[in-house]
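Reminder, nothing fancy here: chain letters follow the sequence lines and each chain counts from 1.
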Amino acid sequence: MDFYLGLIQIIGVHTLLGLSAYCVLHTGQVSLAQAGFFAVGAYVAGMLTVLAHWPIVPALLVAGVVAGSLACAVGFPALRVKGLMLVVATAAFGEAVRLFFFNFNYQLERGGFHIGPHGGEGFRQIRYFPEYGWSTLEVAAFIWVVVVLTMAALWWMDRSRAGAVLRAVGEDEVAAQSSGINVTVVKVSAMTVGGVIAGIGGGIFAHYTTHIEHIQFGIVLATFAVAYPILGGLSNVFGTLIAVIFIQGFLIEGLRFMGDWRNLLFGGLIVLAMNVRPRGLIDAGTITLVKRLVFRSKERASA
Amino acid sequence: MDFLDLIDALQSLADGVLFGATYALLGIGFTLIFGVMHKINLSFAAASIGAAYASLLILAGVKAPPALVFLAAAGCGGVIGGLVYLIGFRFIPLANPLATLMSTVGLLLLIDEIIVHTTAGVPLNYPALFSDVIIRAGPFNLRGDLMFVFLLGCLCMVLLLMLLYRTRLGLATRAMSQQPVAAELCGISNTKVNILTFVTTGIVGGIAGAMIGAAIGMLSPLLSLPLTVKGLIVTVIGGLGSIPGAIIAGLLVGGLENLFQYWRGVSERDLYIMLLLFVFLVFRPGGLFAPATARD
Amino acid sequence: MLELQGLTKHFGGVRAVEKVDLSVAQGEILGLIGPNGSGKSTIVNLICGLFPLTDGRVLLHGTDISDLPPHARVTLGIARTFQNIRLFGQLTVWQNLWVAQNSGEQFGQENFLRRWLGGSRRARGEIDRTLEFFDLAHKSDELAANLAFGEQRRLEFARALAAKPSLVLLDEPAAGMNAEEIDQLDRRIRMLRDDGVTILLIEHHVELVMSVADRIAVLNFGQKIAEGAPADVQANPLVREAYLGTATAA
């Protein structure tokens, strides 16, 4: 049972990470900085609960705000460049954040123990949940409350004019400018929202693993963050969720019996998926199809 | 800083510049594909390491001379390059840049995992040439293997530039990178040029992979991600699509990297390379040699 | 209302636009014609702020807007269409208009959040009227990329109007259209003018310009060579020369 709860926690946190890239991708920007914001969130939230004894919720909120402000600050210079340049710039930023934590030491002494981030050894003993007696189930439930709230907020955004504007900027920046949209503000806002979500996700991640170190926040995690929404499709938030379940649940956990072949299959399936469904697993066509099916069954029911 | 420190710093700078030839080749690979297709091939560095691995495995039985291993790496690189195009680009609509980006990420993971799977993740020793030669120049020592890597890199670049500027294939490639539709109307097959570009860059990548193996003395799948990042940084600092830019940026990054390692240690080294990149992005977002901006 | 003073744009050594003075009066339809490469589209891009000026000024209602970014100019009432259609292809037809609608609002303005984060219902009525006008209402939920060519041209025009501009720049709106579609376009341009919208029409299709424009300006090699009523411009020998070339006299 605990195995499945653990898996549910992983899926929840990775969904948050994927959603943080989802809103940035809407504006046509591939950001590999999400793992960096995630790392900032993880360290900030961890330090607040461990060193300053904050409760978890405000710690997560502050983690989100800090990561979001960082994303906003990075957004202005980084969004001057596009396409490949942006991929490289954000990847480099993410790596810089990781290397910062690799060299980051801030330890306090508590009852003979040293606690806090300790450079390459990482940040151990983020034991908020066990200390306050949260069960695995409660932690999983907490994570999913945050995930559902985030998904609902993004779902709402998608259907509002803000969502249409984000997509418009992603489609054609010149046309968007010429329709009166301040492209810089829109892109930086998307980046900031993405940073906040990643920061909260990182904060949760730090607390359920209880031990974080720089290597976890590398370029691989950054790639996963953008892989989820691209693989799932950008037409709505469920694409990201389904891609996370597909990758974390099916490919990584479900195929564990295949041993080392699993990893081979992993890369191969991503390539295959992009060949077969270049606009993601769930694209606009899928939604129309689902709508049609629903309508048809309603018609049949009424007939 | 006293005199001896200065000597040591210059020594590490020189070693770095020599090793930088490999970064330059990687940068050229990224830049060429970007120039022709306006697409990023994130699997390029992994494919290069893969080619070097393949050359070792093919010649594992026979006691091959290192030169043959290098040739085999180039050949394998070409084959892998062609395969990367077929699997990761050929059947994916190019109008959707995210799809090919993702497919090359998939390929990167796939190639890495194939390497781990076939070698059980154990680093392999790679043959080096002239590793026992050390050239003394005043207070400096130039390592023979690094000199060899550097010269081989330069030779590759010269051959590549000749290919691009002296042959019909090069002409077609350049035409395609400037006006794909017009080039096609002139009877240049888009697919053919693309596949040839991938094979060419694959060969360059294979050589780069072999050079990296020779310079470090071993191969490991752990190399591919850092090399991807370094290659991309070189591409951006050099200016997208610019081959001379990639060469200079490669040598620059190689040299500075070693210098920072000397001054600040290996754990902080890359931090300064990232800072260098940001400096470029802020003050010269087009890179060293930005291509002329189009009118529309 | 719009005034161009000594408008100049060089691309490297190419003098795309050279010291053009032009003014558009409130409520008129000004046609801008000229052979290929004479700088017509560049002028549109300069008025919209897509390129920085090399020299000269752009004035709107007497204020200098030369340094404003493109989106700010839309807020002031200048909207445009593109010669090579640039729609938001993966958005539906009506979302294309929704994006452009009330784009000028500032943060902190009344209803700011509701306009950005509110649902679609509030915006719908006005957009539906515009779509009706362009005969696109039945395609309202279609993706813009799936429209036929003529429909895409109309949608471009509709999107420009969604920003409620006082001046519309139409960059070759008739390109690729058949005779019937051009007739409809002609009719729509006139109706807009009657509604008080000022129009700068850049067009290759001389017949359309001659029929609909109040005044016409002619460009050649980046310079204005003639300006006046359609009939005068037609009779101008310089214009004939520009279009037919001097060599044809033989």
Side-chain angles (χ1 to χ4, degrees), chain A residues 25 28 30 32 74 76-78 80-89 91-100 102-103 119-120 170 174 214 218-220 223-224 226-231 233-234 259-280, chain B residues 30 34 38-40 42-43 87-88 90-93 95-114 116-117 120-121 225-226 228-229 231-237 240 264-265 267-278 280-282 285-287 296:
Chain A
L25 275 169
V30 179
L32 290 184
V74 169
F76 276 103
R80 281 177 55 190
V81 293
K82 290 173 193 165
L84 175 62
M85 310 282 270
L86 183 76
V87 173
V88 177
F93 170 77
E95 280 292 281
V97 170
R98 180 180 73 78
L99 290 165
F100 171 78
F102 184 32
N103 294 294
V174 173
H214 72 100
I219 198 107
V220 177
T223 316
F224 269 64
V226 289
Y228 296 133
I230 296 180
L231 206 58
L234 289 175
D260 170 43
W261 288 97
R262 176 191 63 174
N263 294 330
L264 275 179
L265 206 62
F266 181 63
L269 273 174
I270 291 182
V271 180
L272 184 71
M274 281 352 276
N275 269 290
V276 182
R277 297 198 68 83
R279 284 204 175 269
Chain B
F30 281 112
F34 186 84
H38 289 274
K39 292 281 177 291
I40 320 169
L42 284 179
S43 68
I87 300 171
R90 177 72 184 87
F91 301 105
I92 296 178
N96 186 355
L98 293 182
T100 48
L101 183 76
M102 213 58 245
S103 70
T104 57
V105 167
L107 276 169
L108 187 159
L109 297 173
L110 185 64
I111 292 170
D112 268 4
E113 284 308 325
I114 291 176
V116 173
H117 195 79
L225 273 177
T228 305
V229 176
L232 287 171
I233 289 176
V234 165
T235 314
V236 168
I237 290 183
L240 277 182
R264 305 290 310 173
S267 70
E268 286 184 30
R269 175 187 84 180
D270 289 351
L271 204 52
Y272 295 101
I273 297 298
M274 307 301 167
L275 284 179
L276 178 72
L277 175 75
F278 291 136
F280 264 90
L281 284 175
V282 171
D296 270 283

Under 4.5 Å heavy-atom distance to chain A, tell me which part of [X] shows up: side chain, backbone, both or neither.
X        : value
B:Leu101 : side chain
B:Phe34  : side chain
B:Ile87  : both

Between [X] and [Y], which heavy-atom pair has the shortest distance, and what is it?
X        : Y        : value
B:Phe278 : A:Ala92  : CZ-C, 4.0 Å
A:Gly268 : B:Leu110 : N-CD1, 3.6 Å
B:Met102 : A:Val226 : SD-O, 4.4 Å
B:Val229 : A:Ile219 : CG2-CD1, 3.8 Å
B:Leu277 : A:Ala89  : CD2-CA, 4.2 Å

Which atoms of [X] are under 4.5 Å from chain B, going by heavy atoms: the side chain, the backbone, both sets, or neither?
X        : result
A:Val276 : neither
A:Leu25  : side chain
A:Leu272 : neither

> Are side-chain heavy atoms of B:Val105 and A:Ile230 found at a separation under 4.5 Å?
Replying inline: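 No, too far: nothing below the 4.5 Å cut-off.
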>> Within the 4.5 Å heavy-atom criterion, are B:Thr235 and A:Val88 side-chain neighbours or not?
In response: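 Of all side-chain heavy-atom pairs linking A:Val88 with B:Thr235, none is under 4.5 Å.
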> A:Leu32, A:Ile270, A:Thr223, A:Asn275: which one forms the most heavy-atom pairs within less than 4.5 Å of chain B?
Replying inline: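 Highest number of pairs under 4.5 Å: A:Asn275.
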>> If I take atom CG from residue B:Leu109 and atom CG from residue A:Leu269, how far apart are they, to the nearest 0.5 angstrom?
In response: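 Between B:Leu109 CG and A:Leu269 CG, I get 11.5 Å after rounding to 0.5 Å.
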> How long is the span from the CG atom in B:Asp270 to the CZ atom in A:Arg98, to the nearest 0.5 Å?
Replying inline: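 Result: 7.5 Å between the selected atoms.
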